[in-house]
Amino acid sequence: MKSTNIIFPLHHSGQKPLRIGLQGDVADPRAKSFLYVLDILPRLERLPKYILLENVKGFEDSSARNVFLQTLEKCGFQYQEFLLSPTCLGIPNSRLRYFLIAKLLPEPFSFQTSSQILTEFPNPEGMCLQERSVPMNLDKDWPFVPAEETKMTSKPSRQYSEQGPFLFKLETPEDAERKKTQNNDISIQMLQVFLEDGAEDLSQYFLPPKSLLRYALLLDIVKPTSRRSTCFTKGYGHYVEGTGSVLQSAEDVEMESVFKLLETLSEEEKLKRLSTLQLRYFTPREIAKLHGFPQEFSFPDKTTVKQRYRLLGNSLNVHIVAKLITALLI
C-alpha cells in the first residue's frame with residue numbers, strides 16, 4: 001500500500017471533541033475514520049513525510065490523541081502539538097483549536113520541538129517562541145492595518161462605567177475585564193478591517209425583534225472598533241445564544257444607556273431601546289475574511305445563508321494552517 005507525501009487527517013471543527021472519558025472517545029462512531037487512518041498508517045509501504053492534524057480544543061485530553069501519538073512514535077515520526085487561536089496572528093476572532101504537525105525521521109524540524117503543547121508559533125531561527133505579531137503579505141488580499149494607525153483611531157469601550165464594568169446576564173466581572181483587555185490590545189486588528197464595504201444588502205442580517213427581546217442580555221456585542229469576537233459556530237444566524245458575536249452598527253449609541261434598567265421596561269420600550277443599537281449578524285463574507293479566505297473566494301450561488309454559516313462554522317483559519325504548513329515544510 002503506497003502513500004502520498006503529505007497527509008491531512010482533519011476533524012470537523014464544529015463537532016464536539018472525541019473525549020467522552022476513556023471508554024467513550026475511541027468508541028464514538030465519529031472516530032471510526034480517524035482510527036482507520038491510524039490502523040493503516042504503520043502498514044503503508046512508504047510512509048508519508050508530513051502529517052497535519054486539527055481538532056477542537058479538548059482533543060488533547062482524549063485517549064484518541066494518546067493512540068495517535070503512540071502510532072506516530074511507532075512509525076518513526078517526530079511531532080509538535082499546538083493550541084492556537086487566530087488572535088495569535090493579530091486577527092480579532094477567538095477560535096481555539098488543537099493542531100499537530102509531524103515529520104518522518106530523520107528529516108528534522110527547523111525549530112526545537114517540545115513535549116509541551118505550544119500556544120504560539122515556533123521561531124525557526126531559534127529555540128524560543130515567536131512574539132505575537134500581525135502577519136503581513138500572507139496573501140495579496142490580507143487586510144492589514146498598522147498598529148500605529150489603529151492606535152490613533154481606537155475608541156474606548158462604552159461598555160464600562162466609571163464605577164466599574166457593566167455586566168450582562170451570565171457574565172462575570174472577570175469576563176468583562178477580559179473583553180476590555182482584548183479591546184485594548186493594539187497588536188490585534190480592529191473588526192472594521194474585515195467588514196463589508198456596503199456592496200451587500202445588510203438588512204437581512206439585522207436581528208429580528210423576537211431575538212432582541214429574548215436574548216438581549218445574553219448577546220456578545222462588539223463594535224467595528226472592537227479587537228475581539230467570539231468563535232462563530234455552525235449554528236450562527238439560526239441560533240442566537242453562544243454561536244458568535246453580533247455587531248453593533250450604531251457606534252455612537254452608548255451601550256450602557258440602552259441596557260440600564262432595561263428589565264423594568266415594557267416590551268415595547270425594550271424593543272425601542274434595543275433597536276437603537278442596530279445589532280446585526282456578521283455576514284458569511286465577513287466571517288470568511290476573519291477565517292483568512294481570499295477575496296476571490298465565493299460560495300456556489302445555490303447555497304443558502306444558513307448553509308454558508310454551517311460551512312464556515314466547521315471551517316479552519318487559513319492563515320494558521322498556512323503557517324503550520326510552512327513550519328512543517330521548511
Side-chain angles (χ1 to χ4, degrees), residues 8-18 28-34 52-59 84-86 91-99 139 141-143 191-215 218-222 224 228-249 278-322:
F8 295 91
L10 297 178
H11 178 253
H12 289 293
S13 301
Q15 299 283 357
K16 293 181 179 179
L18 304 175
D28 191 315
R30 296 171 299 157
K32 286 184 178 180
S33 59
F34 178 70
L52 187 154
L53 178 137
E54 176 270 350
N55 210 310
V56 292
K57 176 173 166 41
F59 180 77
L84 298 171
S85 177
I91 301 168
N93 179 240
S94 297
R95 194 176 185 82
L96 188 61
R97 293 294 183 267
Y98 171 92
F99 294 92
D139 62 58
D141 297 308
W142 176 252
L191 285 168
Q192 62 190 8
V193 180
F194 300 85
L195 301 181
E196 294 288 288
D197 57 6
E200 182 178 359
D201 178 17
L202 300 177
S203 60
Q204 64 176 311
Y205 299 107
F206 282 91
L207 271 69
K210 185 178 179 180
S211 295
L212 284 175
L213 290 172
R214 184 173 181 180
Y215 298 106
L218 299 174
L219 296 171
D220 182 74
I221 302 172
V222 294
R228 50 164 291 275
S229 60
T230 58
C231 180
F232 296 102
T233 73
K234 63 181 182 179
Y236 191 69
H238 181 63
Y239 299 105
V240 179
E241 184 181 351
T243 58
S245 301
V246 296
L247 185 70
Q248 178 184 334
S249 301
Q278 298 181 33
L279 299 178
R280 71 167 177 87
Y281 294 108
F282 284 79
T283 70
R285 178 69 226 160
E286 291 166 343
I287 297 175
K289 283 184 179 180
L290 286 166
H291 284 351
F293 286 43
Q295 189 64 38
E296 59 267 22
F297 169 80
S298 63
F299 289 98
D301 292 337
K302 292 185 178 181
T303 55
T304 65
V305 171
K306 182 179 178 180
Q307 289 172 329
R308 295 177 185 189
Y309 281 138
R310 289 182 64 86
L311 291 168
L312 290 166
N314 282 329
S315 186
L316 301 169
N317 187 280
V318 175
H319 293 302
I320 285 183
V321 174

request  = Could you check Val240, Val222, Ile221 and say which one makes a side-chain contact (heavy atoms from CB on, under 4.5 Å) with Val246?
outcome  =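 By the side-chain contact (heavy atoms from CB on, under 4.5 Å) criterion, Val246 pairs with just one of Val240, Val222, Ile221: Ile221.
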Just jot down the side chain to side chain donor-acceptor pair (under 3.5 Å) partners of [X], sequence neighbours excluded, or say none.
X      : value
Thr230 : Ser245
Tyr205 : Glu200
Ser33  : none

Does the side chain of [X] reach to within under 4.5 Å of the side chain of [Y], using non-hydrogen atoms?
X      : Y      : answer
Ile287 : Phe293 : no
Arg228 : Asp220 : yes
Leu311 : Phe299 : yes

If I take atom [atom1] from residue [X] and atom [atom2] from residue [Y], how far apart are they, to the nearest 0.5 angstrom?
X      : Y      : atom1 : atom2 : answer
Thr243 : Leu219 : OG1   : CG    : 9.0 Å
His291 : Ile91  : NE2   : CD1   : 10.5 Å
Thr303 : Tyr309 : OG1   : OH    : 12.0 Å
Lys289 : Glu196 : NZ    : CD    : 5.0 Å
Arg97  : Glu54  : CZ    : CD    : 6.5 Å

With sequence neighbours left out, write down each residue that passes ring-ring contact (aromatic ring centres under 6.0 Å, His included) with [X], or none if nothing qualifies.
X      : result
Phe232 : Tyr236, Phe282
Tyr239 : none
Phe99  : none

request  = Would you name the heavy atoms of Phe297 and Arg285 that are closest together and state the gap between them?
outcome  =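 Closest approach of Phe297 to Arg285: O-NH1, 3.0 Å.
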task = Quick one: closest heavy-atom pair of Val305 and Pro284, and the distance?
result =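 Taking every non-hydrogen atom into account, CG1-CG, 4.2 Å.
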Not counting sequence neighbours, which residues clear side chain to side chain contact (heavy atoms under 4.5 Å, CB included) with [X]? List them please.
X      : result
Arg310 : Lys234
Pro224 : Gln192, Leu195, Leu247, Glu251
Leu96  : Lys57, Leu83, Ser85
Ser249 : Phe206, Gln278, Arg280

Keeping [X] on the side-chain end and [Y] on the backbone end, is there a donor-acceptor pair under 3.5 Å?
X      : Y      : result
Arg95  : Ser315 : yes
Ser229 : Pro92  : yes
Asn317 : Leu290 : yes

request  = Name all residues meeting the salt bridge (charged side-chain N to carboxylate O under 4.0 Å, His left out) criterion together with Arg214; count only those two or more places apart in sequence or in a different chain, and write none if there are none.
outcome  =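 Per chain and number, Arg214 pairs via salt bridge (charged side-chain N to carboxylate O under 4.0 Å, His left out) with no residue.
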